[in-house]
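Written out below as structure tokens is the structure these notes cover.
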Amino acid sequence: MVNVQFSIIKMKVLVATQKPFAPVAVEGIKDIVIGAGHEFALIEKYEEKAELLAAVKDANALIIRSDKVDAEVMDAAPALKIVVRAGAGFDNVDCAAATERGIVVMNTPGQNSNAVAELVFGMLLFAVRNRFNGKAGTELKGKRLGLLAFGNVPQNVARIAKGFGMEISAYDAYCPAEVFTRENVKQVMSPAELFQTCDVVSLHIPSTPETRQSINAALIGSMPKGGILVNTARQDVINEPELIATMQERTDLRYLSDLQLAAHDEGLEKLGDRYFATPKKMGAQTAEANINAGLAAANQICGFFKDGCTRFQVNK
Ligand code: 3PG
């Protein structure tokens, strides 16, 4: 908790989303904000950063998705007190710049996890059934699934994978052993072991200096024959040149991603149907996930303004 003296002051809460929430989620956010006595504002589908800079001018709180909030945005918003990333990964917010300016940054962990987990299986079924082209494909039942990280999204992936009858392993350096036991998932001791022993590897690591470019030739090239790599995490965790080169050598491997490669055209040209990427990041793009994450963000902001609650702050 922090000591906030402005609990009865009307605050301006701006929802700034290049990729809009479902309308029902926007309505829900608006109701919460107005119901708490604050002002609601919305900017969606903006194309230029200048539009965001103008919109934040008098905002006290921001609700964003993957929208980039850097020092320039913060400097354009002198009254800004809190930024809530409606979602899990907050690599799009310059947390150090926020801390320097006394701005609280939060995320809404777990709120969109099921949506992302379901997309993993959407892409997997599409791939193993040969993009529904009529040729005989394969099944997920009995295949070995490896989860790289074991937070909210991969725990949901594991739950669904059990229904498919997959054998599930996971690696997470930060997750206590009891969680693997509780979820009945085999804990492996290194990413290398996961890649070597799993037919499907699903990535759920955040983008950090430690993880960027970490999915490299050594890992990808060690996958069993017919291996499938699924990425619903972040594009920059992939070492793209090594992914493309390895998959050119290993023509049995496939890469399915909710994030286009920076070298998307090159990927399509060199890997053909073995590379699939959604045209726009779709993992969290369901009405349910938008409602869960958007309303959580609104409630967190109102709680912060009401009594200084800083639960879910990520820039401490
Ligand atoms: C997240 O980190 O929560 C997901 O990547 C969803 O991102 P999005 O809100 O931009 O769809």
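Position 1 is the first residue of the sequence, and the numbers go up from there. Because only heavy atoms are used, hydrogens play no part in the values below, and waters and symmetry mates are left out as well, while side chains stay in. These figures come from a predicted structure and were not determined experimentally. We count ligands from 1, going down the list as the structure has it; atoms in each ligand are counted the same way.
Checking Gln248 against Arg274 by side-chain atom types alone, no donor-acceptor pair falls below 3.5 Å. Between the side chains of Asn92 and Ser66, no donor-acceptor pair of N or O atoms lies under 3.5 Å.
Ser66 OG, 2.5 Å is the protein heavy atom nearest to atom 10 (O) of ligand 1.
Heavy atoms of Lys19 found under 4.0 angstrom from ligand 1 belong exclusively to the side chain. For Val116, no heavy-atom contact with ligand 1 is shorter than 4.0 Å.
The shortest N/O to N/O separation between Ala88 and ligand 1 falls below 3.5 Å. Considering backbone and side-chain atoms together, Gly87 places no N or O closer than 3.5 Å to any N or O of ligand 1.
Distances below 4.0 Å separate heavy atoms of Ala284 from the following atoms of ligand 1: 6 (C), 11 (O). Listed by number with element, the atoms of ligand 1 under 4.0 Å from a non-hydrogen atom of Arg234 are 1 (C), 2 (O), 5 (O). Contact atoms of ligand 1 toward Asn112: 1 (C), 3 (O), 6 (C) (distance under 4.0 Å to a heavy atom of the residue).
Ion pairing between a basic and an acidic side chain is recognised when a charged N comes within 4.0 Å of a carboxylate O; Glu178 and Arg182 show no such pairing. Look at Glu72 and Lys49 and you find a salt bridge, because one of the NZ, NE, NH1 or NH2 atoms lies within 4.0 Å of a carboxylate O, short of that distance. With salt bridges taken as basic N to acidic carboxylate O contacts below 4.0 Å, one links Lys12 and Asp58.
Remark: Met11 CE to Phe304 CZ distance equals 8.5 Å, nearest 0.5 Å.
Residue-ligand proximity: Gln285 is placed with every non-hydrogen atom at 4.0 Å or more from ligand 1. Not a single heavy atom of Met282 sits less than 4.0 Å from an atom of ligand 1.
The salt bridge (Lys or Arg N to Asp or Glu O under 4.0 Å) test with Asp199 is passed by exactly one of Lys143, Lys141, Arg144: Arg144.
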